[in-house]
There are 2 protein chains.
Amino acid sequence: MRIFVLRTFMKTIKVNRGQVLQRPGDLNSKFYEVKSGLLRSYTIDDKGKEHIFMFASEDWIMADNVGPNTPAEMFIDALEDSELNQREKTEKVEPENEKLIRRIAVLQKRVIMLMSASGIERYEHFVKTYPNIVQRVPQKMIASYLGITPEALSTVKKQRLSEK
Amino acid sequence: MRIFVLRTFMKTIKVNRGQVLQRPGDLNSKFYEVKSGLLRSYTIDDKGKEHIFMFASEDWIMADNVGPNTPAEMFIDALEDSELNQREKTEKVEPENEKLIRRIAVLQKRVIMLMSASGIERYEHFVKTYPNIVQRVPQKMIASYLGITPEALSTVKKQRLSEK
DNA sequence: GCTACGCATTAATGTAGATTAAGAAATGAA
DNA sequence: TTCATTTCTTAATCTACATTAATGCGTAGC
């Protein structure tokens with residue numbers, strides 16, 4: 001039993017192989033439930049390289065995990081002719097859900113960083129995002145979080161410093 | 001307004017720096033809301049190397065994202081003396097939440113794999129987990145999902161094959 | 001049936017970061 | 001404060017994977 005009556009503007013749509021459903025920067029507040037076919041989401045980094053974030057086949061949900069009315073981070077397109085249920089992200093969400101969605105957004109960013117950014121770039125992103133954590137834990141734990149060795153972090157930090 | 005009255009056996013606890021709250025394999029069905037202090041979760045790979053999955057400071061929630069009554073994947077310990085609200089994962093969850101939690105579990109696994117497994121190991125895990133996807137997309141997209149180049153995947157697959 | 005384009009494979013070479021090791025600095029316990 | 005332990009830095013060497021490039025293959029379109 002649900003308490004919120006969701007005014008869900010659900011629409012069933014058919015898309016062809018190759019069709020793009022979302023581009024980075026779009027204020028697309030939709031997500032897609034795959035009834036048949038196959039979708040993919042991916043980013044393109046500064047070097048022009050594609051990084052696939054996820055595939056979604058039958059019964060999976062495909063969404064760019066950013067809030068509604070936040071510019072999209074990723075491309076979404078169809079790898080096969082597909083049939084989808086399209087819904088709005090703006091459906092009322094409970095506060096409990098909101099926390100989970102925020103956690104998914106953090107993890108999405110983390111995966112993208114791990115796949116497309118160098119050690120020093122991940123470090124700089126971390127420092128910007130969690131400045132308070134940086135001051136409270138030893139360097140080697142930050143290295144461990146970033147997926148590099150403390151030695152590499154030390155070396156790479158010095159290099160970056162001397163460049164400025 | 002919530003419809004489910006959650007019988008939440010919430011308990012406020014204090015832990016000292018260094019104290020371990022959870023070990024891999026534990027059937028620990030608890031999660032922790034950090035009131036003060038700092039927690040960390042991490043795995044140890046086959047080579048004995050630590051990989052920090054997340055830090056949780058004030059107002060963050062620390063949880064090993066596996067279902068209740070599923071053996072834990074990670075260590076959780078305190079990096080500072082901390083005060084925590086401890087709750088049970090077994091609180092009633094809505095089906096909507098359940099989907100989100102499953103997605104978080106998938107992402108958690110993905111991050112751990114990216115940090116601690118080699119390309120070929122990630123490939124083998126992917127094939128085992130999504131055998132149907134493997135057959136439906138070109139190799140180069142699987143490589144992109146895994147975070148390696150198609151060339152590397154091709155080479156490494158051949159090596160593995162000749163070893164068997 | 002061709003033709004062309006995307007895909008897979010292979011090999012040569014390059015590089016970010018791992019590993020190892022040793023000394024310096026910081027931190028914590030007594 | 002002192003001693004011991006952990007953490008950080010630096011440097012030399014090593015390795016997994018990236019890059020580049022060339023070749024052959026499969027398949028969709030003509």
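Chain letters run A, B, ... following the sequence lines, proteins first, then strands; residues in each count from 1.
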field: Atom-to-atom span, CG of Leu153(B) to P of dA16(D) - whole angstrom
entry: 16 Å
task: Decide if the gap between the ring center of Tyr145(A) and the ring center of Phe126(A) is smaller than 6.0 angstrom.
output: yes
- prompt: Will you find, in the side chains of Gln108(B) and Asp64(B), an N or O donor that is under 3.5 Å from an N or O acceptor?
  reply: yes
task: Could you state the atom-to-atom distance from CD of Glu80(B) to P of dG28(C) in whole Å?
output: 11 Å
- request: Check every atom of dT9(D), dC8(D), dA11(C) against the side chain of Gln139(A) and return the nucleotide holding the closest atom.
  value: dC8(D)
field: Separation of dG14(C) P from Lys47(A) NZ (nearest whole Å)
entry: 19 Å
- prompt: Within the structure, does a side-chain N or O atom of Thr149(A) lie under 4.0 Å from either OP1 or OP2 of dG17(C)?
  reply: no
- request: Let me know, please, whether Lys49(A) or Arg17(A) comes out on the 5' side of the other along DNA chain D by nearest nucleotide.
  value: Lys49(A)
- prompt: Nearest to the side chain of Glu151(A) - dT10(C), dC17(D), dT19(C)?
  reply: dT19(C)
query: Does one side chain, of Ser144(A) or Glu50(B), offer a donor that lies under 3.5 Å from an acceptor on the other?
result: no
statement: Rounded to whole Å, the NZ-P distance (Lys157(A) to dG17(C)) equals 15 Å
message: Output the rounded distance in Å from CD1 (Ile142(B)) to P (dT9(C)).
response: 11 Å
field: Main-chain N/O of Ala117(A) paired with Arg122(A) side-chain donor or acceptor, under 3.5 Å
entry: yes
message: So Ser118(A), base contact, sugar-phosphate only, or nothing? Heavy-atom distance under 4.0 Å.
response: sugar-phosphate
statement: Here the distance between atom C1' of dT6(D) and atom CD of Glu50(B), to the nearest Å, is 13 Å
message: Expressed as a whole number of angstroms, how long is the span from Arg122(B):CZ to dA16(D):P?
response: 13 Å
query: Quick one: which of dA8(C), dA18(D), dA18(C) gets closest to the side chain of Lys140(B)?
result: dA8(C)
task: State, without any angle test, whether Gln19(A) and Asp77(A) hold a side-chain donor-acceptor pair at a distance under 3.5 Å.
output: no
task: Rounded to the nearest angstrom, tell me the gap between atom NZ in Lys158(A) and atom P in dG17(C).
output: 16 Å
- prompt: Of Pro138(A) and Gly147(B), whose closest DNA chain D nucleotide lies nearer the 5' terminus?
  reply: Pro138(A)
